[in-house]
Protein chains: 2
Amino acid sequence: MTDAQFSVIERMPTYRLVFNAVQNEILSGRLGIGERLPSETALADQFGVNRSTVREGIRLLEESGLVTRKGGGRPRVALPHYLDLASRASRALILHSVTFRELWEAAVIIEQATAEYAASRITPEHLERLQENIDRMAAMVARVEADEPINVDDFVAIDAEFHDIISEGANNRVLALAREPVSRLFIPAGRIILPRLRTHRRVLDAHMLIRDALAAGDATRVRDWMRRHMEDFKRGYDRTGLAIDMPLDAVALGHATD
Amino acid sequence: MTDAQFSVIERMPTYRLVFNAVQNEILSGRLGIGERLPSETALADQFGVNRSTVREGIRLLEESGLVTRKGGGRPRVALPHYLDLASRASRALILHSVTFRELWEAAVIIEQATAEYAASRITPEHLERLQENIDRMAAMVARVEADEPINVDDFVAIDAEFHDIISEGANNRVLALAREPVSRLFIPAGRIILPRLRTHRRVLDAHMLIRDALAAGDATRVRDWMRRHMEDFKRGYDRTGLAIDMPLDAVALGHATD
DNA sequence: GATTGTTGAATTGTCCGACAAGTTGACAAT
DNA sequence: ATTGTCAACTTGTCGGACAATTCAACAATC
């Protein structure tokens, strides 16, 4: 009754073979990071294929991040930065219509853990950058409270930067990778909440409390304030009237084209 | 004294313009998911460029996941699955020489949270799959304890599958995205630990306890057992004598070529 | 009626050859 | 030490070409 099961036959196109071949050279270290790739004609000769085919293979490498073409011209071998993947990840999540609930649940976990690790590892240099960040935000809050207009995007960017600095301070690249796409998706949400509810002062206060706890190296206090900060954000979202289980749809895009 | 600051001039190559143009068509919905891309010649005419140029642009789309060429041939518009990014993410992490400590710290956080959410959301269907998974693992453990040889890769795969099922049960795609690269990097580590320490029985016991707690919907118990399970793993790693702050180097690769 | 051939048009994969624009590196001039 | 010049090399883009596949519609068969 049951038909026999066959595994899919796949005959890769040549340009993909080129891609794999060069990729292996890079991953195995025979082509070092920063080195210039052999010229297209050289590769074409070496592989015994046409230059056009090599070019298509190189495009794959380019998009996969193993090769960058700085400025105008010569492509170099690069090691793809893990955070570069974040933009694609957040794009994929939006296309899959993830909800604010999913986003927030993940964020509250990751941000808390990040902050907690940071408490014992953050350096004076990071604390200084946090202070500088807070100063900038304080200036904007002052303007808001004087009813002067501010640029919402700038405020949100400063907010995001604060959390990014803590992420650096946590000194864990795996966690940073997990955090990045989440953090990016938060930005459009922030853009919606802030101007409607004018929660600027609350954000600033929370940041200062977190900074203090970090400076004191008090992990549980850091964790606790971060949690409250995140819950505040969720309350803000709730109060905008946006349904928490609605997808973060295309509104969130905006700077789609890299 | 200070030189004037100029913003970088960027002149994109044409193939990249093609990439952006088609990408926008897709993201804006004018090109629907599953639809076939216009033919290369059609695109070339439309953009007023050569077919070769269009092809290079399509390679970028291909690698970025917005277009797939099923089996042999015709490219279709696809929405990139977020989990597909994971292989690239783990590759990037390995190239950056992340340490087992970083990996484990992230994993313990994410797995705990995932399991905890799963406690209140997991479906009978998922519980059934967990049971089936446990049965398979039990069979292997029995063979190990009878000193019969087993395939380590199979055991590790079953282990990973157990955690994947829970991740599905947690019903949070953002968390699943964050979890995936971490989970993948754990696999090679598991391959090292298991055969050396023969911890198969311990793993199975932990899985059964977690399954029971999930079935009972007891979030704190789930969380607790998952934490212990993860800590067990770390102890296992410690006892292999591998330094926790050493990078997970190329050993972890192995199936590099997609 | 559903599966299995047939056939012809459309499309992809690959190749070749060509050329303008730009980059690189060496060397000369200021 | 910066600036100018020049030749060799590369990349980006173009045009045309052809075999191999895939697709869709239709015919044939059980």
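Order of the sequence lines fixes the chain letters, A, B, ..., with proteins taken first and strands second; residue numbering starts at 1 for each chain. As the structure is a prediction and not an experimental result, all values here were calculated from the model.
For B:L17 and D:dT13, the CG to P distance is 8 Å, given to the nearest whole Å. Between the OH atom of A:Y15 and the P atom of C:dC15 there is a distance of 13 Å, given to the nearest Å.
OP1 and OP2 of C:dG13 both lie 4.0 Å or more from every side-chain N or O belonging to A:T14.
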For residues 179-188 of chain B, which side-chain N or O atoms pair as donor and acceptor with protein atoms under 3.5 Å away, sequence neighbours left out?
{"unit_1": "B:R179", "atom_1": "NE", "unit_2": "B:S167", "atom_2": "OG", "d": "3.4"}
{"unit_1": "B:R179", "atom_1": "NH1", "unit_2": "B:E111", "atom_2": "OE2", "d": "2.5"}
{"unit_1": "B:R179", "atom_1": "NH2", "unit_2": "B:D164", "atom_2": "OD1", "d": "2.2"}

Side-chain polar contacts of residues 33-43 of chain B - donor-acceptor pairs under 3.5 angstrom, sequence neighbours left out - could you list them?
{"unit_1": "B:E35", "atom_1": "OE2", "unit_2": "B:G32", "atom_2": "N", "d": "2.9"}
{"unit_1": "B:S39", "atom_1": "OG", "unit_2": "B:T41", "atom_2": "OG1", "d": "3.1"}
{"unit_1": "B:S39", "atom_1": "OG", "unit_2": "B:A42", "atom_2": "N", "d": "3.1"}
{"unit_1": "B:E40", "atom_1": "OE1", "unit_2": "B:R51", "atom_2": "NH1", "d": "2.5"}
{"unit_1": "B:E40", "atom_1": "OE1", "unit_2": "B:R55", "atom_2": "NE", "d": "3.1"}
{"unit_1": "B:E40", "atom_1": "OE2", "unit_2": "B:R55", "atom_2": "NE", "d": "3.4"}

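With sequence neighbours excluded, no residue forms a side chain to side chain donor-acceptor pair (under 3.5 Å) with A:D45. Looking at residues two or more places apart in sequence or on another chain, you find no salt bridge (Lys or Arg N to Asp or Glu O under 4.0 Å) involving A:E128. Taking A:D135 as the reference, nothing meets the salt bridge (Lys or Arg N to Asp or Glu O under 4.0 Å) condition, with sequence neighbours excluded. The salt bridge (Lys or Arg N to Asp or Glu O under 4.0 Å) test applied to B:R121 returns A:E105, not counting sequence neighbours. Judged as a side chain to side chain contact (heavy atoms under 4.5 Å, CB included), and not counting sequence neighbours, the contacts of B:H96 are A:L79, A:H81, A:Y82, A:R173. B:D154 is linked by a salt bridge (Lys or Arg N to Asp or Glu O under 4.0 Å) to nothing, counting only residues two or more places apart in sequence or in another chain.
Projected onto DNA chain C by closest heavy-atom contact, A:R76 and A:V49 fall at different nucleotides, the more 5' of which corresponds to A:V49.
Across the helix from C:dG1-D:dC30 to C:dT30-D:dA1, the helix axis at one end is tilted relative to the axis at the other end by 40° (nearest 10 degrees, each axis from five pairs).
DNA chain C is contacted by B:R51, B:R55, B:R59 of residues 50-60 of chain B, taking any non-hydrogen atom closer than 4.0 Å. For the contact set between residues 36-45 of chain B and DNA chain C, defined by any heavy atom under 4.0 Å, the members are B:S39, B:E40.
When only modelled atom types and interatomic distance are considered, A:Q23 and B:R91 share a side-chain donor-acceptor pair under 3.5 Å.
Within the structure, ring pair (Phe, Tyr, Trp, His ring centres under 6.0 Å) pairs that include any residue of residues 156-179 of chain A comprise A:F162-A:H207, A:H163-A:H207, A:H163-A:H229 (at least two apart or interchain).
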